[in-house]
Structures are given as C-alpha cells and as structure tokens.
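Chain letters run A, B, ... following the sequence lines, proteins first, then strands; residues in each count from 1. In this text, all values refer to a predicted model and were calculated from it rather than measured experimentally.
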2 protein chains.
Amino acid sequence: MKLPDASASTDASRATARRQQILHAAAQCFREHGFHGASIAQISKTAGMSPGHIYHYFDNKEAIIAAIVAQDLESLLTLTAELRAACNVRAALIERAAEGVADQLDPAGAALKLEIVAEAARNPRVAQIVREADATCRRELAITIGEIRRAAGHQDTPAAIEHMVEVLASLFEGLLVRTIRNPGLDRARVAQRIQIAIDDLLDQPD
Amino acid sequence: MKLPDASASTDASRATARRQQILHAAAQCFREHGFHGASIAQISKTAGMSPGHIYHYFDNKEAIIAAIVAQDLESLLTLTAELRAACNVRAALIERAAEGVADQLDPAGAALKLEIVAEAARNPRVAQIVREADATCRRELAITIGEIRRAAGHQDTPAAIEHMVEVLASLFEGLLVRTIRNPGLDRARVAQRIQIAIDDLLDQPD
DNA sequence: TATTCTAGATCGAACGCTCATTCTATGTTA
DNA sequence: TAACATAGAATGAGCGTTCGATCTAGAATA
C-alpha cells in the first residue's frame, strides 16, 4: 500500500517533463534526419539521457513517432477550433488565415509536417492519426465556410462546401512545399495574395 | 582502345536499360518505405539482380536518390514547358491545369513527390536539384501568367507576378498533401473548384 | 534523529540483426 | 583470350532494443 499524495503528483509531473524532453529532442532529430534517418542514440544524446532510459517512457521508436505526430496535429486542431470560435464573419476568417499562412511558411515547422505526411503515405498507424485529425479540421472548416456562404445568400450542397474546404486546405498546405522548394519567397506578399484567393474562394458560384 | 560501333551502342543501351530497371525498382521501394527505410537489398530484389551489381551502375545509395529526384522533376519540367508552349490563352492554361491537378492527386505519385520534398528539407544535394527545377518552372509560369495578365490589361510588377505564381504553385502542390490526408476526396469536383480558383487568381487586382 | 530499506530513475554495455558497401569468383560474349 | 556482366558471400559499422548494475530520495524503523 502506498499513496503519498504529494510525491505521486511530483513523480507524475517529473515523468511528464521527461517525456516532453524526449519528444522535444526527437522532433529536432526527426526534422534534421527524418523518422528513419534519426537514431535512438542521436535522440538520447540530444535529450541528455541514455538510450536505454528512453524505453522507460516509450515502448519503441514507432511510439515516439506516433506521439510526435499526435502532438503536431494537436496544434493544427486548436488553430482550426479557434478559427471556428472566432465570430463567423468573413473578415475574421481571412485575418486569422494570415496567421496560419505565416505558420506554414516557417521552414523548420514545415520540414516536420512534411515528414509526417510522407510517413502517413506509407505507415498505416501514422496515416490513421493524420486522417482523423484532418477529418476533424475539415468538419470545423465546413461549418465555418457554410455559415459564411449562407450569410452571403448562397445555397450550397454539403458536398460543394467540402470541395471548397479542400481547395482552402490545399492552398494552405501547399505552402509547406513552397517554403522548401523556394525558401526565398516573399512571405508577407505571398500571404496577401493568399488572402485574396481565399476571399475569392468564398465567392465561388454554387 | 575500343569502339565497336554496333556493340558499343548495344552495350550503352543495355547499360541504360539496366539503370532504368534499377531506378524503377528504387522508385517503388522509396514510395513504399521512404528513402532511408528502403534498403539496397530490397531494391536489388525488386530489380531482380544482386545487391553488389547495383554498384556497377550507381556510386552509392545517395546517387540513386539523386537520380530518382532528377527523373521525377523532369516530368514536372516538361509539363510546365507544355503549359508554356500551348497558345497563351487563359482557357488553354486552365484546361491544362486540370491535367496537372489530376496528376497531383494520384496517391502513388504523390507519395514519392512528398518523400522528395521532405528529403530536400534536410539533404542539401537533393535540395539543390529540387530548387533548380522549381526555379525553372517558376520562370516559365511567370512568363505565361505575365502574358495573360497583360492581355487582360493589368500592369503588374515582376514581383507581383512571382507572388501569383507562388499561389498557383501552392494550390497545385497542396493537392499532394490533400490526397494523403484525405484520400476519399472527390477528385473531379475538387479539380473543378481549383480551376475556378485559378481563374479568379488571374483576375486579382494589381 | 539516525539508520535501514526499497522502488523507481538512470546508465551504459551487450545482443542480434540489418545496413551499405566491397571483394572475389564465376559466367558470358565478342 | 580479353573484357565486361553478374552473383553472392564477407565486412565492419550502426541500428533498435534489452538487461543487469548502480544511484537516489523518500518511507519505515528504531
């Protein structure tokens, strides 16, 4: 029998911190060398602990990958939720979108996100996590866009809204690729053009 | 000294065929397991030859990766060139774009392209190849879009055209991500919406 | 309070395996 | 026979993972 309240919570937070420490190191290594290029030895060195110790917090390397993926997508989910929470006027959506664009154009972040998508294309475990998160985002965006369109007098089928969501998402996610293929692009100006394109998208015929 | 005309060309074509055989097998393995996840043993088995023999045609694994990247980008370059060669009317561009969209939405092709971009984010050798090809595409697209805009009476700065090219590219390349994250999307309908978005893009204010 | 006990945190060596690459031997062809 | 195509075993490095030993800090005992 043992339930020392204080020390239990201390242990828990210590464990959480350690886990986070590993995930932080892993994210850095994965960004630099990819999921399969990064070794446990590298991650453990970056995290400042022994290789063996990592296995006290994660079953195996794949579990680390899955945790990184889940963590990265969580930030996407919160962004989408905020977008939805903001009053549903067009201007708000478009203004918020600018932040999203800037976020996608960060090369370090883009590298990890692309690594995740590439891994999702071949790893079913990762694919499932990614697709569930994406489905949630699409649902949220569909509601937001649907309200904007209705307010503007359009009568769209749910399918039509879904297609617009895809175009919107494509516009965003393409930036991940753009910032790698053309790192010299003018982020601010391109963001402006993207905003205009989103604006036009919301006015597409039914 | 050796230049037996017939046999030389036979040898050359035989060697070329062998190289192509390796590249074909490598592309398949890379698509399924990624650049670092695919082994020479796997590639050699897929290509139907011994591991050692691969090193008669490529210096090392990285050379295979580079060749795959160059080959994949070449198809992009020819597509862009065709786009440019077609009479520069708007309708032609937009119609051709539909083919490009369909191409990007092929999941198998998308997986390899994403793998390449992810690798470019960390491998300088691959990054150079990718960025040179991208620069060429951008130049071509800028000329095409510039002509369309001028015909429509706009007076854009070269920079403005470049930003539009980025948005256009983003729209396309985002589809690579979309087809992985949401494999169930309605390809034909989304393609239509993309066409409308491109049409609107060409009408953005100066 | 001083001492012992104990369970978890942590380490780093070791394991078995697979990797990219090299080497040598054996066809094959002209 | 000379030159090249090909195979497949050998090599050494590095991988993910396991495991027993040590450390540490708080609980239990006296």
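- By the 30° and 60° cut-offs, the orientation of the rings of Tyr57(A) relative to His53(A) is perpendicular.
- Contacts between residues 53-63 of chain A and DNA chain C, defined by a heavy-atom separation below 4.0 Å, involve His53(A), His56(A), Tyr57(A), listed by number.
- Under the 3.5 Å distance criterion, the side-chain polar atoms of Thr179(B) are left unmatched by any main-chain donor or acceptor of Asp106(B).
- Between the P atom of dT26(C) and the CE atom of Met49(B) lies a distance of 22 Å, rounded to the nearest Å.
- Atom C1' of nucleotide dT18(C) and atom CD1 of Ile43(B) are separated by 14 Å, given to the nearest angstrom.
- Taking the side chain as every heavy atom from C-beta outward, Val117(A) and Lys113(A) never approach each other to under 4.5 Å.
- Taking the side chain as every heavy atom from C-beta outward, Phe30(A) and Val69(A) never approach each other to under 4.5 Å.
- One N or O on the side chain of Gln195(B) and one on the backbone of Ile94(B) form a donor-acceptor pair closer than 3.5 Å.
- Applying a 4.0 Å cut-off to non-hydrogen atoms, the residues of residues 31-41 of chain B that approach DNA chain C are Ala38(B), Ser39(B), Ile40(B), listed by residue number.
- Side-chain contact between Leu171(A) and Val167(B) is present, with at least one heavy-atom pair separated by less than 4.5 Å.
- The backbone N or O of Phe35(A) sits less than 3.5 Å from a side-chain atom of Lys61(A), completing a donor-acceptor pair.
- Within the structure, every pair that satisfies the salt bridge (charged side-chain N to carboxylate O under 4.0 Å, His left out) test and touches residues 73-92 of chain B, not counting sequence neighbours, is listed here: Glu82(B)-Arg96(B), Arg84(B)-Glu140(B), Arg84(B)-Glu147(B), Arg90(B)-Asp199(B), Arg90(B)-Asp203(B).
- Note on Arg14(A): every side-chain N or O is 4.0 Å or more away from OP1 and OP2 of dG26(D).
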